[in-house]
Amino acid sequence: LPDYKVWSDYYYYPDSTQPVINIETFYASLIIILKKNNTKYVYQLTPADSSFNKIPLISQNLLTINTLNKNFSISYINELDIFDKNLNKIKQITNLHTPSWNWYSIQSNQTILIDDTIWWADNHCGIAKQIDSTTLEKYYVNGPSSADAYDISSAGGNVWVAKGGLNISGGNLWNSAEIYAYLDNTWTTLNKSTDTILNVHDMITVAVNPLNPKEVFTGSWNGGVFQFEGTTCKNRYTEKNSSLEIFYGSDIKVRDLQFDSQGNLWVLNPGVNDPVSVRMTDGTWKHFSYGNISQDLRHFVIDKNDVKWVF
């Protein structure tokens, strides 16, 4: 391979100077996807006799090609075509969906054939197994539903992740609130689909109680503080049942949450008259004023002596 003299260039097929974005070996030939001016083409190339065949496509929603044992496939959004050795189309699977996610189109990056069963690697459904001509069964890897993470907290072997974020100016991104919990070796995703109380935006901070790891608090940049017992949301704290204050309209902005060594929860609620609040272990709330600097407060640090640093 390192010796360039043993390599040969093949330019005998149409548009051979255009980018090749996918390639598979198939018997004594190559199957390639070529892209020209945003249009995709699929060719079968046979180097031994410099022949080529253009394979007709049903649409430009082409995703990838894969060798499936003695056949090969072309994957499209929501569809799969399977060809035999002679380029005869022997199977066409259309209108694919998963039983509980009918509204997602299948966008497979790879397909394999095992004992006449097709398995899909999909952008939305994880790993999917074909059940019949239109239905897939999904299998998820044990993990969060996305790679997005803005804050993380752990204690007692439990890990909680707040997905949300802020824009470059520190304002809302208006992403639906989502939290990931790793409990008993299993990841769980919590959002408004699992509990309507979470119908808020930009969940950006999370704190696990080190004295009771089953108790967790999360903070939203527009919806206040949420208290969880395991994966069950037990309370939502707003101006009506805590010392938190409204920033504007109905927005209650919570930027940071920290526990002290006694199990008291400290809450940073910037942009209001009394931006620092604490929820005591008995469930009562207190608040503290920081005068004119309250607009700029963003984080807590609680040291080993329980001194609270706010900046």
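In this text the structure is predicted, and so the values were computed from the model without any measurement.
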*asked:* Check this for me: Tyr248, atom OH, are more than 12 non-hydrogen atoms of other residues, nucleotides or ligands nearer than 6.0 Å?
replied: no
*CG/Asp84 to CZ/Phe26 distance, rounded to the nearest 0.5 angstrom?*
7.0 Å
*Before giving the answer on side-chain hydrogen bond (donor to acceptor under 3.5 Å, both in side chains), spell out for Tyr13 and Ser50 the whole-Å C-alpha distance, their side-chain angles and the decisive distance to 0.1 Å.*
CA-CA 8 Å; Tyr13 58 93; Ser50 297; over 6 Å; no
*What are the two closest non-hydrogen atoms of Pro213 and Val208, and how far apart are they?*
O-CG1, 3.5 Å
*asked:* Could you check whether Lys234 makes a cation-pi contact with Phe228, meaning its NZ or CZ is under 6.0 Å from the centre of the six-membered ring and within 45° of the ring axis?
replied: no
*Quick one: do Leu257 and Leu211 end up in the same hydrophobic cluster if we chain Ile, Leu, Val, Met, Phe, Trp and Tyr together by side-chain heavy atoms under 4.5 Å apart?*
no
*Begin from the C-alpha positions of Ile32 and Asn22 and carry the test side chain to side chain contact (heavy atoms under 4.5 Å, CB included) through to its verdict.*
CA-CA 6 Å; Ile32 68 168; Asn22 197 188; over 6 Å; no
*What pairs meet the salt bridge (charged side-chain N to carboxylate O under 4.0 Å, His left out) rule with one or both residues in residues 30-57, with sequence neighbours excluded?*
Asp15-Lys36
*Please walk me through it: do Met203 and Leu198 pass side chain to side chain contact (heavy atoms under 4.5 Å, CB included)?*
CA-CA 9 Å; Met203 199 74 80; Leu198 296 175; 4.1 Å; yes
*Is Phe217 linked to Ile179 within one hydrophobic cluster, defined over Ile, Leu, Val, Met, Phe, Trp and Tyr using a side-chain heavy-atom separation of less than 4.5 Å?*
no
*asked:* Testing the 3.5 Å rule here: is there a donor-acceptor pair between the side chains of Asn37 and Thr39?
replied: no
*When clusters are formed by joining ILVMFWY residues with side-chain heavy atoms under 4.5 Å apart, either directly or through shared neighbours, do Val42 and Tyr27 land in the same one?*
yes
*What are the two closest non-hydrogen atoms of Arg236 and Asn241, and how far apart are they?*
O-ND2, 2.9 Å
*asked:* In the structure I gave you, are the side-chain heavy atoms of Val276 and Val267 within less than 4.5 Å of one another anywhere?
replied: no
_Minimum heavy-atom distance Pro47-Ser29, with the two atoms named_ = CD-CA, 4.5 Å
*Kindly indicate whether the side chain of Asn273, heavy atoms from C-beta on, has any atom under 4.5 Å from the side chain of Glu245.*
yes
*So, for Ile246 and Val272, which heavy atoms are closest and what is the spacing to 0.1 Å?*
O-CG1, 3.5 Å
*Is Ser59 reaching over with its side chain to a backbone N or O of Asn61, donor-acceptor style, under 3.5 angstrom?*
yes
*Could you give the distance from CG (Asp151) to OG1 (Thr218), rounded to the nearest 0.5 Å?*
10.5 Å
*Is there a donor-acceptor pair under 3.5 Å between the side chain of Asp81 and the backbone N or O of Ser73?*
no
*Does a side-chain heavy-atom distance below 4.5 Å link Ser242 with Arg279?*
no
_Of all pairs that satisfy salt bridge (charged side-chain N to carboxylate O under 4.0 Å, His left out), the ones with a partner from residues 162-177, not counting sequence neighbours_ = Lys163-Glu178
*Could you tell me the separation between the CD atom of Glu24 and the CD1 atom of Ile65, rounded to the nearest 0.5 Å?*
6.0 Å
*Ignoring hydrogens and geometry, is there a side-chain-to-backbone donor-acceptor pair from Asp256 to Phe300 under 3.5 Å?*
yes
*For the atom pair CD (Gln44) and OG1 (Thr46), what is the distance rounded to the nearest 0.5 Å?*
5.0 Å
*asked:* Strictly distance-based, threshold 3.5 Å: is any side-chain N or O of Ser220 a donor or acceptor partner for the main-chain N or O of Ile204?
replied: no
_Shared hydrophobic cluster, Tyr182 / Val216 (ILVMFWY, side-chain heavy atoms < 4.5 Å)_ = no
*asked:* Let me confirm one number: the CG-OG distance from Asn191 to Ser145, rounded to the nearest 0.5 Å.
replied: 7.0 Å
_Tell me if the NZ atom of Lys286 is crowded by more than 12 foreign heavy atoms within 6.0 Å._
no
*Pair Glu239-Ile252, side chain to side chain contact (heavy atoms under 4.5 Å, CB included): steps then yes or no*: CA-CA 8 Å; Glu239 83 286 358; Ile252 298 175; 3.1 Å; yes
*Does a side-chain heavy-atom distance below 4.5 Å link Leu190 with Trp160?*
yes
_Is there a path of hydrophobic side-chain contacts, each under 4.5 Å between heavy atoms, that joins Met280 and Phe259?_
no
*About how many Å separate CG of Leu268 and CG of Leu297, when rounded to the nearest 0.5 Å?*
5.5 Å
_Polar side chain donor-acceptor pair, Asn71 to Lys85, under 3.5 angstrom_ = no
_I'd like to check Lys91 versus Leu80 (side-chain heavy atoms, cut-off strictly below 4.5 Å). Are they in contact?_
no
*Would you say Lys89's side chain and Phe83's backbone share a donor-acceptor pair under 3.5 angstrom?*
no
_Side chain proximity check, Val278 to Leu265, heavy atoms < 4.5 angstrom_ = no
*Are the side chains of Ile55 and Leu87 in touch, meaning some heavy atoms are under 4.5 Å apart?*
yes
*Between the main-chain N or O of Gln60 and the side-chain N or O of Tyr76, is there a donor-acceptor pair closer than 3.5 Å?*
no
*Answer with yes or no whether the side chains of Ser277 and Asn269 bring together a donor and an acceptor at under 3.5 Å.*
no
_If I compare all heavy atoms of Val161 with all of Asp148, which pair ends up nearest, and what's the gap?_
CG1-O, 4.5 Å
*Quick one: sort the Trp285 and Tyr237 rings into parallel, tilted or perpendicular, breaks at 30° and 60°.*
tilted
_Set of ring-ring contact (aromatic ring centres under 6.0 Å, His included) partners for His201, sequence neighbours left out_ = Trp174
*asked:* If the condition is side-chain contact (heavy atoms from CB on, under 4.5 Å), which residues does Asp260 pass it with, not counting sequence neighbours?
replied: Gln262, Asn264, Trp266, Ile302, Asp306, Lys308
*Do side-chain atoms of Asn167 reach the backbone of Ser169 as a donor and acceptor pair under 3.5 angstrom?*
yes
_Applying side chain to side chain contact (heavy atoms under 4.5 Å, CB included) to Leu183 and Thr188, what does each step give before you reach the verdict?_
CA-CA 8 Å; Leu183 310 173; Thr188 301; 5.9 Å; no
*Any salt bridge (charged side-chain N to carboxylate O under 4.0 Å, His left out) pairs touching residues 193-220, not counting sequence neighbours?*
none
*asked:* Please list all pairs meeting ring pair (Phe, Tyr, Trp, His ring centres under 6.0 Å) that have one or both residues in residues 33-61, counting only residues at least two apart or in different chains.
replied: none
_Minimum heavy-atom distance Leu244-Gly224, with the two atoms named_ = CD1-CA, 4.5 Å
*Establish, from distance only, whether the side-chain atoms of Tyr12 and Ser51 form a donor-acceptor pair under 3.5 Å.*
no
